[in-house]
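Computed from a predicted structure; not experimentally measured. Scope of the values below: all heavy atoms of this structure, side chains included, with no hydrogens, waters or symmetry mates.
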Amino acid sequence: MQARDGTLSDPAASQDSEFTRGWPVLLASVIGIGCGLAAIPFYTFGIFAPHLVKAFGWSLGEIMAGLMITTLGVVIGAPLCGVLSEKIGTRRTAIGSLVLFGLTLLSLATLNGSLLQFYITWGVASVAGTGTLPITFTRTVNSWFDRHRGLALGIAMMGTGLFGIACKPLMAWVIGDYGWRAGYLVLGALPLVVAMPIAVLAFRDPVNRADTTLPTAPASGFTRAQVLRQWRFWLLLVILLPLSFALAGTPPNLESILSDKGLSPATILSLTPLVGLAAIVGRLVGGSLLDRFWAPAVAFVILSIPVASYIILSAAHVEPVMAGVAVFLIGFALGIEYDVIAYLTSRYFGLRAYSAIYGMLYTCFAIGSGFAPLMFGMIHDRTHSFGPALTACAIILPLAAAGLLLLGRYPRLDEN
């Protein structure tokens, strides 16, 4: 039996059957997303920042402005990537983007002290790397999974959490022994040497498989033109900007925030990987809940959790245990952010023009995510404290998350 969005929805189908068919696609998605644009800048800007300050005398705000540059690149590249995925397929788009993204990252090792070079390189990397974003990978995951789509999306997005866990100690070792330039060489090698070969071998659309029972008929849902007339689409656009801003400012600045609280470098190094670990837990728990309950309610509860973290980190002094709790809660909420966008896109708008629609929503999400670290850095440069930024996010986050509750029931997509 076919679901309302055009994918397999046989009541007799088991979880094992979907995962037996789709595990290669999930593996390629985990590695591709983890070594792509969604994870690498987000988790590594804070690691490289102190070394770039020491090497070139740049301020924290100037360095974090690089994340804003990546946002501008995503604004340009994400909608184009969505259309390209619909035209030539997600597989070709993802593989080509992994190659271009990796090559651009390698060039960061040649930085010579020019902020313009730093910004241009990240701008090119963000445009070239938009095909490594969940826009491409989740389109194919959605095609392989229906009954367990939330869990499958959670597993696919685990790549960001795995990278978050691994990158801190890996970069600390590489930079400590070989310098920050070697660190950028290692970052560039990840999409080229690790993710791209796996994508070539394992990432493919179900319509290209002779042994799959998934339907090859066009998926149901809204077209790009139709979705622009849907109030839910515009509501999501409005919500995602403040929501992403409130979520994204803390992780890239986490090392600096904890350092301001008087924690030692060794303690900070032991705490920051909790973001990645918690993100993995959040993806699995959140993905399972999305399959069982109304997605906007699940998202509201989980995305509001970091309010407690912001309150803890706003205090004048923070004990290591409480800092660890705050870091874990932030990571747990981050574990569901991309999953929710992908899940809501598929359930409210279908798969007919999924990549293009998700690309537009992701662009709005990226704008908030890109400006937040810059604003955090600028506020810290001016006030010598992250407290005002954290307090503002503690207010913005639950209000924005509550807006998701206005989306209402899932529509019948087969009527479009």
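- Side-chain atoms of Tyr184 and Thr110, non-hydrogen and from C-beta on, never get closer than 4.5 Å to each other.
- Classified by interplanar angle (parallel below 30°, tilted 30° to 60°, perpendicular above 60°), the ring pair Phe203/Phe137 is tilted.
- The environment of CZ in Arg181 is crowded: more than 12 heavy-atom neighbours from other residues, nucleotides or ligands sit within 6.0 Å.
- Side-chain contact between Val186 and Met171 is present, with at least one heavy-atom pair separated by less than 4.5 Å.
- Listed for the Arg232 side chain is a donor-acceptor partner under 3.5 Å among the backbone atoms of Leu407.
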Stepwise side-chain contact (heavy atoms from CB on, under 4.5 Å) test for Leu290 and Arg347
CA-CA 11 Å; Leu290 290 175; Arg347 291 305 186 198; over 6 Å; no
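- Minimum heavy-atom separation, Asp381 to Ser59: OD2-OG, 3.9 Å.
- Side-chain atoms of Ser259 never come within 3.5 Å of backbone atoms of Glu255 as a donor-acceptor pair (strictly under, hydrogens ignored).
- For Phe365, the ring pair (Phe, Tyr, Trp, His ring centres under 6.0 Å) partners two or more places apart in sequence, or in a different chain, are Tyr338.
- Counting heavy atoms from C-beta outward, His380 and Asp260 have side chains that approach closer than 4.5 Å.
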Could you walk me through whether Leu170 and Phe163 pass side-chain contact (heavy atoms from CB on, under 4.5 Å), step by step?
CA-CA 10 Å; Leu170 174 62; Phe163 181 84; over 6 Å; no
Side chain to side chain donor-acceptor pair (under 3.5 Å) between Thr140 and Thr90: does it pass, once the steps are laid out?
CA-CA 7 Å; Thr140 302; Thr90 54; 2.5 Å; yes
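- Residue pairs that meet the ring pair (Phe, Tyr, Trp, His ring centres under 6.0 Å) test with at least one member in residues 51-92, sequence neighbours left out, are Phe56-Trp58, Phe56-Trp180, Trp58-Phe118.
- Here the straight-line distance linking atom CG of Leu361 with atom CG of Leu236 works out to 5.5 Å at 0.5 Å rounding.
- With a 4.5 Å cut-off on side-chain heavy atoms, Tyr348 and Gln230 do not count as touching.
- Residues Thr250 and Cys393 fail the side-chain proximity criterion, which asks for heavy atoms closer than 4.5 Å.
- Between Val318 and Leu263, every side-chain heavy-atom pair lies at or beyond the 4.5 Å cut-off.
- Panel note: side chain Lys261, backbone Ala315; a donor-acceptor pair is recorded below 3.5 Å.
- Test Thr363, Ile367, Ile76 against Thr71 for side-chain contact (heavy atoms from CB on, under 4.5 Å) and you get one pass: Ile367.
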For a quick test of your reading: what N or O donor-acceptor pairs under 3.5 Å do the side chains of residues 298-310 make, sequence neighbours left out?
| unit_1 | atom_1 | unit_2 | atom_2 | d |
| --- | --- | --- | --- | --- |
| Ser304 | OG | Phe300 | O | 2.7 |
| Ser309 | OG | Ala326 | O | 2.8 |
| Tyr310 | OH | Ala246 | O | 2.5 |

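- Residues Leu106 and Leu185 approach most closely at CD2-O, 3.4 Å, considering heavy atoms.
- Residues Leu404 and Leu344 form a side-chain contact, since some pair of their non-hydrogen atoms from C-beta on lies under 4.5 Å apart.
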Side chain to side chain donor-acceptor pair (under 3.5 Å) between Thr138 and Tyr354, intermediate numbers included:
CA-CA 9 Å; Thr138 59; Tyr354 173 88; 2.7 Å; yes
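- Looking at Tyr358 and Phe349, their side chains never come closer than 4.5 Å, going by heavy atoms from C-beta outward.
- Counting only distance, with no hydrogens or angles, the side chain of Thr136 and the backbone of Thr132 share no donor-acceptor pair below 3.5 Å.
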